[in-house]
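Notes follow once the structure below has been shown.
As the structure is a computational prediction, the values presented were derived from the model and not from experiment. Note on naming: letters A, B, ... go to the chains in the order of the sequence lines (proteins, then strands), and numbering restarts at 1 for each one. When reading the values below, keep in mind they use all heavy atoms of this one structure, side chains included, and skip hydrogens, waters and symmetry mates.
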Amino acid sequence: MSDLSKVPQFNRLFRLQFEPAQDSFVLLFPEGMVKLNPSAGAILEQVDGDSSVAGIINKLQSKFPEAGDLTPDVCDFLITAEEKKWIYYA
Amino acid sequence: MRDSTLVNAGPPFWLLAELTYDCPLHCPYCSNPTDMGDRKDEIDTQAWRDVMTQARKMGAVQLGFSGGEPLLRKDLEELVAHGRQLGFYTNLITSGIGLTSKRIAKLKEAGLDHIQISFQGADPEVNDAIAGRGKAYQQKFEMAQQVKAQGYPMVLNFVISKQNIEQIPQILDLATELEADYVELATAQYYGWAYHNRDHLLPSKAALDKAEQQVNEYRANQNGQGPQFIFVTPDYYEDRPKACMNGWASTFLTVTPDGSALPCHSAKLLPLEFPNVKDKTIEEIWQQDFSFNRFRGDSWMKEPCSSCSEKADDFGGCRCQAYMMTGDMENTDPVCAKSPHKHLIKDAIAKAEHPDTPLLYRDNSKDIVRVKL
């Protein structure tokens, strides 16, 4: 993905939720659940239908200042998330 | 019980609330028990609220409202609202009979996340013959349109049997026309009424292969568009058993209309005493009850399971199937090619080519209940 101004949104089949019992974010969908690893959870937590990819990266950079440039990781993950139809771009 | 894997069983991620066994349809493939009990024994609204609250506290996250027909419970909206407030993903599993656009809207307001509608066939003739009710197809069709129009994710469930397997191409078209998100093409599993009617339901291997090929061809032309089709073949034609319920009491908790707690919705047929939510907490049931620990781990297994290298993959298969077909719930699921009872499955397949008992429609009549099992 090259265009960082695009705004990702959740596909309405999926609901993101933090589950204390699993100490992780999960994606819930009809009769199913995907347990997310910490970085996937942190990225999807920023998907709010308003923030662009660039905005999401900025927020994550300030949240994890020691992490180095997060752009490639975030972009790679968002491609996967789009392929899995968790998110789409309006 | 006997081995260390039992300590700290993970949470029951799935809570299936079978609100009532009552149903306006009479499908002969129904997996409900043939003795459906009495509506006056159903647990009340407060009991269901307590069950949900307790299960959610343990980490349950998926909540299915099922039956019978859950729409027959007048407190459904209240229960959905409670479940959603607790943070459950709420699923309504319905025949569509009794649904109205007004009720779909009310359920949405209550926070319902998803609606699954069952279909029995791809046209009124086949659908309503299997359902045992006139105008069922038309009602389902209209309600499926409404469910989508009101913005729900929608799953359509087609139970596939000898009676409708020739309709696969039309079924695929119907699901696409209705803009379903997921479509389960699930061959009937032979429990409850379906076990009784197995000879009339179990499709031949040739018919199944053809159906699967039709689904694959359809998928190949979808180009990533339209419904996602999930084709479930019957385990009778497999060489290894299914990993039933993802392992006994590992993931699923079913509560039946009268408050019985089960590790799967068929388990009541086993010669085990199951606890009731009126007498015990969900945590006591899940962590400590004898019946829930009965088939956890592998120390209960007999040969050929106990020394099998695949025992951690399929847990010996389905306890209900082992019991129904071999008379011993500790036996290897007879679907397994290693089972000394495999011939029972082969006999059942052969017998299904020439049914010699009448098809029995699901009914509340006690006379029919007495015929059973």
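Residues passing the side chain to side chain contact (heavy atoms under 4.5 Å, CB included) test with B:Ala261 are B:Leu253, B:Pro275, B:Val277, B:Ile285, B:Phe292, sequence neighbours excluded. Applying the side chain to side chain contact (heavy atoms under 4.5 Å, CB included) criterion to B:Cys318, with sequence neighbours excluded, gives B:Tyr191, B:Lys242, B:Cys244, B:Cys320, B:Gln321, B:Asp333. Applying the side chain to side chain contact (heavy atoms under 4.5 Å, CB included) rule to A:Ala67 yields the partners A:Phe64, A:Leu70; only residues at least two apart in sequence or on another chain are considered.
Heavy atoms of B:Ile115 lying under 4.5 Å from chain A are absent altogether.
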Which donor-acceptor pairs fall under 3.5 Å between chain B and chain A:
unit_1   : atom_1 : unit_2  : atom_2 : d
B:Arg56  : NH1    : A:Glu19 : OE1    : 2.9
B:Arg56  : NH1    : A:Glu19 : OE2    : 3.3
B:Arg56  : NH2    : A:Glu19 : OE2    : 2.7
B:Gln62  : NE2    : A:Phe29 : O      : 3.0
B:Gln62  : NE2    : A:Gly32 : O      : 2.5
B:Gly87  : O      : A:Arg15 : NH2    : 3.1
B:Gly87  : O      : A:Gln17 : NE2    : 2.7
B:Phe88  : O      : A:Arg15 : NH1    : 3.4
B:Phe88  : O      : A:Arg15 : NH2    : 3.0
B:Asn91  : OD1    : A:Glu31 : N      : 3.2
B:Asp113 : OD1    : A:Arg15 : NH1    : 3.0
B:Asp113 : OD2    : A:Arg15 : NH1    : 2.8
B:Gln116 : NE2    : A:Glu31 : OE2    : 2.5
B:Tyr152 : O      : A:Arg12 : NH1    : 3.1
B:Gly224 : O      : A:Lys85 : NZ     : 2.9

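Options B:Gly224, B:Gly87, B:Gly64 differ in how many heavy-atom pairs under 4.5 Å they form with chain A, and the most are formed by B:Gly87.
Between A:Ala21 and B:Gly59 the shortest heavy-atom distance is CB-CA, 3.6 Å.
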